[in-house]
Amino acid sequence: MTTHNDDVDWDSWPIADYLAENYRDLHPSDAAVIAHHSEFYRRFAPGSIGRAVEFGAGPNLYPLILAAAASRRIDAVEAGAGNVAYLERQILCGPDASWLPFHALCRRLNPGLPATLARSLAQVHVVHADVRELEPGGYGLASMHFVAEGATEDREEFTEFCRAFVRCVAPGGHLVAAFMENMPTYRIGPASSWPGCPVDPETVEAVFTPLTRELTITRIDSDPTLPDYGDSGMVLLTGVAGG
């Protein structure tokens, strides 16, 4: 039986296990994503994007850090109550020290970033909402990390998430994203199981080509320092929304 997004209790996402497995250290794959994305963000003058969105933010802070130089406001849109609470604590009470190396690398690769981690998160606004219900054309830039392929086992629903991602920026708006490559349904922590929709660069290209222009797609190999979730690496994307 295929698991769809609405079959999952996202409020029960195991945040502590997820962070411990993936983000308590700066892994080589994260460094590769940050390097790729920093090249993308260096195109923009500081503060030149009025409104950006992290599409399905989860508890991951480094995409929010990356967007901070370019964007005057960043909406971190997230459906899971626990992830929302974590993000709000990080912004209001101060971020965990484990995120400091991420900020240091982001700033080394893009000196336009604010000098401190807290200042880099100052323009982030946490929005508790379903990303599929975002207003079309509401943003100048959208970023998505490990969401569409980790929200469902259904390929068509994966495609619909990607369409919603593109749709939330105005025509000509900018897109940057990362996907787990060939990610199956996977486990976090000792027991919890979560949906995965295996995709590869060809899948991503087929979905985004009709929706975008200036599309670039690349990949990085799997990271042996991370848990073996069954993936084969990551697929990275930049583009401009069509229309």
Side-chain angles (χ1 to χ4, degrees), residues 1-34 36-37 54-63 76-87 98-99 102 130-132 143-162 164-165 176-208 217-237:
M1 181 171 149
T2 301
T3 299
H4 294 85
N5 182 78
D6 291 341
D7 298 329
V8 179
D9 177 13
W10 295 107
D11 290 343
S12 66
W13 178 258
I15 298 167
D17 289 332
Y18 179 72
L19 292 173
E21 291 179 10
N22 292 278
Y23 296 117
R24 289 309 181 203
D25 298 297
L26 175 52
H27 294 275
S29 58
D30 297 315
V33 175
I34 288 169
H36 173 272
H37 286 11
E54 184 61 29
F55 187 95
N60 184 1
L61 297 192
Y62 80 70
V77 180
E78 169 59 38
N83 285 329
V84 167
Y86 177 81
L87 290 171
S98 55
W99 293 108
F102 292 84
D130 187 326
V131 291
R132 295 170 295 181
S143 169
M144 176 173 68
H145 292 77
F146 321 122
V147 173
E149 79 285 13
T152 180
E153 295 176 355
D154 181 73
R155 180 64 62 83
E156 183 54 39
E157 191 169 32
F158 164 81
T159 301
E160 287 303 319
F161 269 98
C162 294
F165 170 60
V176 62
F179 305 84
M180 300 304 296
E181 183 183 64
N182 294 314
M183 182 77 146
T185 294
Y186 61 100
R187 176 168 291 179
I188 296 175
S192 68
S193 181
W194 302 91
C197 182
V199 300
D200 57 19
E202 292 73 26
T203 306
V204 174
E205 182 175 18
V207 169
F208 280 89
I217 296 172
T218 188
R219 66 174 300 282
I220 58 177
D221 289 332
S222 60
D223 186 342
T225 72
L226 287 169
D228 182 4
Y229 294 122
D231 63 280
S232 57
M234 297 180 186
V235 180
L236 309 180
L237 171 151

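Computed from heavy atoms alone, side chains included, the values below leave out hydrogens, waters and symmetry copies.
- The distance from the CG atom of Leu237 to the CZ atom of Arg219 is 15.0 Å, given to the nearest 0.5 Å.
- Residues His36 and Met234 form no side-chain contact, since every pair of their non-hydrogen atoms from C-beta on lies 4.5 Å or further apart.
- With a 4.5 Å cut-off on side-chain heavy atoms, Glu78 and Glu54 do not count as touching.
- With respect to the salt-bridge test (charged N to carboxylate O, under 4.0 angstrom), the residues Glu21 and Arg187 do not qualify.
- With sequence neighbours left out, Ala81 forms a side chain to side chain contact (heavy atoms under 4.5 Å, CB included) with Asp11, His128.
- Interatomic distance, CG of Asp30 versus CZ of Phe102, reported as 4.5 Å (0.5 Å rounding).
- Listed here is the closest heavy atom pair of Val207 and Cys162: CG1-CB, 3.7 Å.
- The shortest side-chain heavy-atom distance between Val199 and Arg155 falls under the 4.5 Å cut-off.
- Of all non-hydrogen atoms in Trp10 and Gly150, the two that sit nearest each other are CH2-O, 3.4 Å.
- When every heavy atom of Val131 is checked against every heavy atom of Gly56, the shortest pair comes out as CG1-N, 3.3 Å.
- The heavy-atom pair separating Pro63 from Ser143 by the smallest distance is CB-OG, 4.3 Å.
- Tyr18 and Asn83 form no side-chain donor-acceptor contact under 3.5 Å, judged by distance and modelled atom types alone.
- With a 4.5 Å cut-off on side-chain heavy atoms, Phe146 and Asp231 do not count as touching.
- When the side-chain hydrogen bond (donor to acceptor under 3.5 Å, both in side chains) test is applied to Asp154, no partner is found at least two apart in sequence or on another chain.
- For the pair Asp223 (side chain) and Ser29 (backbone), a donor-acceptor distance under 3.5 Å is present.
- Interatomic distance, CZ of Phe179 versus CD of Glu149, reported as 6.5 Å (0.5 Å rounding).
- Between Thr203 and Phe158, the closest side-chain pair of non-hydrogen atoms falls below 4.5 Å.
- Looking at heavy atoms from C-beta onward, Ser222 lies out of side-chain contact with Glu181 at the 4.5 angstrom threshold.
- Across every non-hydrogen atom of Ala76 and Leu87, the tightest pair is CB-CD1, 4.3 Å.
- Proximity of Leu236 to Val176: side-chain heavy atoms (C-beta onward) are nowhere separated by under 4.5 Å.
- For the pair Leu26 and Ala31, the tightest heavy-atom approach, listed with the atom from each and the gap, is CD1-N, 4.0 Å.
- The distance from atom CD1 of Ile188 to atom CG of Leu19, rounded to the nearest 0.5 Å, is 9.5 Å.
- Between the side chains of Thr2 and Glu153, no donor-acceptor pair is found at a separation under 3.5 Å.
- Residues satisfying the side chain to side chain contact (heavy atoms under 4.5 Å, CB included) criterion with Ser12, sequence neighbours excluded, are Asp9, Trp194.
- The structure places CG of Asp228 at 14.0 Å from OH of Tyr186, a figure rounded to the nearest 0.5 Å.
- At least one side-chain heavy atom of Phe161 sits less than 4.5 Å from a side-chain heavy atom of Asn5.
- In this structure, the separation between CD on Glu160 and NE2 on His4 is 11.0 Å, given to the nearest 0.5 Å.
- Between the side chain of Thr152 and the main chain of Ala148, no donor-acceptor pair closer than 3.5 Å is present.
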